[in-house]
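Both backbone and side-chain heavy atoms feed into the values below; hydrogens, waters and symmetry mates do not.
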Amino acid sequence: MKRCRLRFQHSTLLSRRQWLRSVVGTPAFLALAPWVPPILSRAARAADAVRDDSDNVLVVLQLSGGNDGLNTVVPYADDNYGRQRSTLRLAERELHKIDAVLGFHEALAAVSQLYQEGRVSIVQGVGYPRGSRDHDIALRNWHTARPGEAGCQTGWVGRAIDLAGQSPEPTLPGMFVGSIPMPFALQAEQQVVPAIRTLDAGQTAGLERLRRRAQRWRELTAHATGAGTTAATDNNPLLGFADRNLRAAYLGGERLEAVLRQAEGGNDYPPVPLAGNLAAVSQLIRAQLGIRIFFVELGGGGIGGFDNHANQRDNHAALLRQMSQSIAAFVSDLQHAGVLGRVVLMTCSEFGRTLVENGRRGTDHGDAAPVFLFGGRLRGGLVGSHPRLDTLVGDAPESHTDVRRVYATVLDRWLGLDSAAVLGGRYEPLDLFA
């Protein structure tokens, strides 16, 4: 069985709480811990696994519940689609055409516009061999990128965060922005992955408290050693490490506060939850805090809002509209800030849906589904063929592109991280980036 973790050579790890106690000797300073970037072992950093592209950012958007790819990228010209979907089929006149065979759902007007501008790539027919149609198992397989390994304790995003965090300087390589419990994909072995719901100007008071605490730390360090701060930290590596963490937090707080005050483009986001999450991601990217990977979610977690076994048409349309408008605002915001070329947003969902309706004006769990990517340096267009609708497996079209190829592409060619170290094997990347 392949290992579900990165290989680190450091044998002894202290928790943040244990480490702070060893340095300051009193629990009173532990209030600082939430403001200090996560601490991880630095002993062995596998330099060959971390390459360039250090400024590039990946945003993963989970569509919880199993998105119906067939009514997202619609094969309107395929007779099998029309015959099998008596109440859910979308007519050609309702769609935003991609070509003579496919079209976007009518709720994806903003995505269609981005597609025409070359800012969208769609990988078709994504799944994995012998894909599960059980929600918990399927979601865990997508989260771990280790299908069938029930004992895997880390997510593929968490392992990437561990790899991106191997730096001698304080670092915060990954974050979850949303209101549901932390998705398992972010489970890491070394890093602590923080979660927030949103950002607003009212949080500047908290940033000011951070600065006061950092300054107080430096004063107490100098006083305790009877020397200047620089001399104190030079003579004590542990104090030096704490000082670098607090200095990084202080400077990061200043940059974040400046972004919160400016709130560039924030008023252009629609008043829906996903838009608020993406607005926060944009602010964090523009604050240049060094966060490489963000994770956001649409559908509400749990079984998820995309799991439409009944009365699918209106529910699905509302979710797609929220996704489309939110992503379009996010892309516009990043473009206005001059950072769109550094960012890729990628969607994922635990499975597709059946082609055949289930008698309740809904669909059941399937296999193949499209993965969308948005950004300023994509080749754009369709990647791979649309799943065949004349040969079904359990009433659903079969996947032909392993999701781990998509993961390998964004890891290797976008983030500059060794995908084999994260995925436990080498998967052929796709030609997605210009």
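Residues Ala337 and Arg286 come closest through the heavy atom pair CB-CD, 3.2 Å. In terms of heavy atoms, Pro270 sits closest to Ala275 at O-CB, 3.2 Å. Of all non-hydrogen atoms in Gly158 and Ala188, the two that sit nearest each other are O-CB, 3.5 Å. For the pair Leu373 and Val344, the tightest heavy-atom approach, listed with the atom from each and the gap, is CD2-CG1, 4.0 Å. Contact detail for Asp367 and Pro397: the closest heavy-atom pair is CB-O, 3.6 Å. The two atoms that bring Ala421 and Leu163 nearest to each other are CB-CD2, 4.3 Å, heavy atoms only.
Note that CD of Gln62 and CG of Asn67 are 12.0 Å apart. Values are rounded to the nearest 0.5 Å. Taking CG of Leu61 as the reference point, atom CG of Leu345 lies at 5.5 Å (rounded to 0.5 Å). For the atom pair CG of Asn56 and CG of Leu417, the computed distance is 10.0 Å after rounding to the nearest 0.5 Å. Distance check: Asn141 CG to Leu139 CG gives 9.0 Å after rounding to the nearest 0.5 Å. Note: Tyr128 OH to Asp402 CG = 10.0 Å, rounded to the nearest 0.5 Å. Leu298 CG to Ser326 OG: the interatomic distance, rounded to the nearest 0.5 Å, is 7.5 Å.
By the 4.5 Å heavy-atom criterion applied to side chains, Leu88 and His316 are not counted as neighbours. At a threshold of 4.5 Å between non-hydrogen side-chain atoms, the residues Leu58 and Met346 count as touching. Annotation: side chain of Leu284 is in contact with side chain of Ile196 (closest heavy-atom distance under 4.5 Å). Between Arg313 and Asn71 there is no side-chain heavy-atom pair separated by less than 4.5 Å. A 4.5 Å side-chain heavy-atom check between Pro370 and Val123 finds every atom pair outside the cut-off. Counting heavy atoms from C-beta on, the side chains of Phe306 and Asn315 never come closer than 4.5 Å. Pro173 places none of its side-chain heavy atoms less than 4.5 Å from the side chain of Ile291. Residues Leu70 and Val74 form no side-chain contact, since every pair of their non-hydrogen atoms from C-beta on lies 4.5 Å or further apart.
Classification of Arg426 and Asp412 as a salt-bridged pair holds, one side-chain N sitting under 4.0 Å from a carboxylate O. No salt bridge links Glu350 with Arg140; every basic N to acidic carboxylate O contact stays at or beyond 4.0 Å. Ion pairing between a basic and an acidic side chain is recognised when a charged N comes within 4.0 Å of a carboxylate O; Asp431 and Arg379 show such pairing. A salt bridge links Asp68 to Arg85: one of the charged nitrogens lies within less than 4.0 Å of a carboxylate oxygen. Using a 4.0 Å cut-off between a side-chain N of Lys or Arg and a carboxylate O of Asp or Glu, Arg353 and Asp307 qualify as a salt bridge.
Applying the disulfide (SG to SG under 2.5 Å) test to residues at least two apart or on different chains, none of the pairs has a partner in residues 399-434. A ring-ring contact (aromatic ring centres under 6.0 Å, His included) check over residues 338-365, counting only residues at least two apart or in different chains, returns the pairs His135-Phe351, His135-His365, His309-His365, Phe351-His365. Sorted by first then second residue, the salt bridge (charged side-chain N to carboxylate O under 4.0 Å, His left out) pairs that include residues 104-116, not counting sequence neighbours, number zero.
The closest side-chain donor-acceptor pair between Asp333 and Ser282 falls under 3.5 angstrom. With hydrogens and angles left out, the side-chain atoms of Asp364 and Asn358 include a donor and acceptor closer than 3.5 Å. Of the N and O atoms on the side chains of Glu297 and Ser64, at least one donor lies less than 3.5 Å from an acceptor on the other residue. Under 3.5 Å, the side chains of Thr363 and Gln312 contain a donor-acceptor pair of N or O atoms. Judged by distance alone, the side chains of Glu149 and Thr144 never bring a donor and an acceptor atom under 3.5 Å apart.
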side-chain contact (heavy atoms from CB on, under 4.5 Å), that's the test. Do Ile122 and Val383 meet it? Break it down for me. CA-CA 6 Å; Ile122 305 169; Val383 180; over 6 Å; no
Would you check, one step at a time, whether the test side-chain contact (heavy atoms from CB on, under 4.5 Å) holds for Arg83 with Arg89? CA-CA 9 Å; Arg83 283 198 301 268; Arg89 65 173 175 260; over 6 Å; no
Take Glu357 and Thr87 through the side-chain hydrogen bond (donor to acceptor under 3.5 Å, both in side chains) test and state the conclusion after the steps. CA-CA 8 Å; Glu357 288 190 31; Thr87 70; 2.7 Å; yes
side-chain contact (heavy atoms from CB on, under 4.5 Å) for Asp78 and Arg388? Distances and angles first, verdict last. CA-CA 10 Å; Asp78 192 317; Arg388 295 186 58 171; over 6 Å; no
Checking side-chain contact (heavy atoms from CB on, under 4.5 Å) for the pair Leu378/Arg119: CA distance, chi angles, key distance, verdict? CA-CA 6 Å; Leu378 295 165; Arg119 303 198 185 282; 6.0 Å; no
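Between the side chain of Arg405 and the backbone N or O of Glu428, at least one donor-acceptor pair lies under 3.5 Å. Remark: the backbone N or O of Gly151 is paired with a side-chain donor or acceptor of Gln153 at under 3.5 angstrom. No donor-acceptor pair closer than 3.5 Å links the side chain of Ser399 to the backbone N or O of Val126. Side-chain atoms of Thr354 never come within 3.5 Å of backbone atoms of Gly366 as a donor-acceptor pair (strictly under, hydrogens ignored).
A search for side chain to side chain contact (heavy atoms under 4.5 Å, CB included) contacts involving Ala318 returns nothing, not counting sequence neighbours. By the ring-ring contact (aromatic ring centres under 6.0 Å, His included) test, Phe104 is found to be paired with Tyr115, residues two or more places apart in sequence or in another chain being considered. Remark: Tyr81 engages no residue in a ring-ring contact (aromatic ring centres under 6.0 Å, His included) (not counting sequence neighbours).
Atom CD1 of Ile303 has 12 or fewer neighbouring heavy atoms from other residues, nucleotides or ligands inside a 6.0 Å radius. Counting heavy-atom neighbours within 6.0 Å of Arg361 CZ, excluding the residue itself, gives a total of 12 or less.
Ring geometry, His143 versus Phe184: the interplanar angle falls under 30°, so the pair is classed parallel (tilted spans 30 to 60°).
Checking each of Phe295, Tyr427, Trp142, Tyr407 against Trp156 for a ring-ring contact (aromatic ring centres under 6.0 Å, His included) leaves exactly one that passes, namely Tyr407. Shown are Arg159, Gln187, Gln190; of these, the side chain to side chain donor-acceptor pair (under 3.5 Å) with Thr154 is made only by Arg159.
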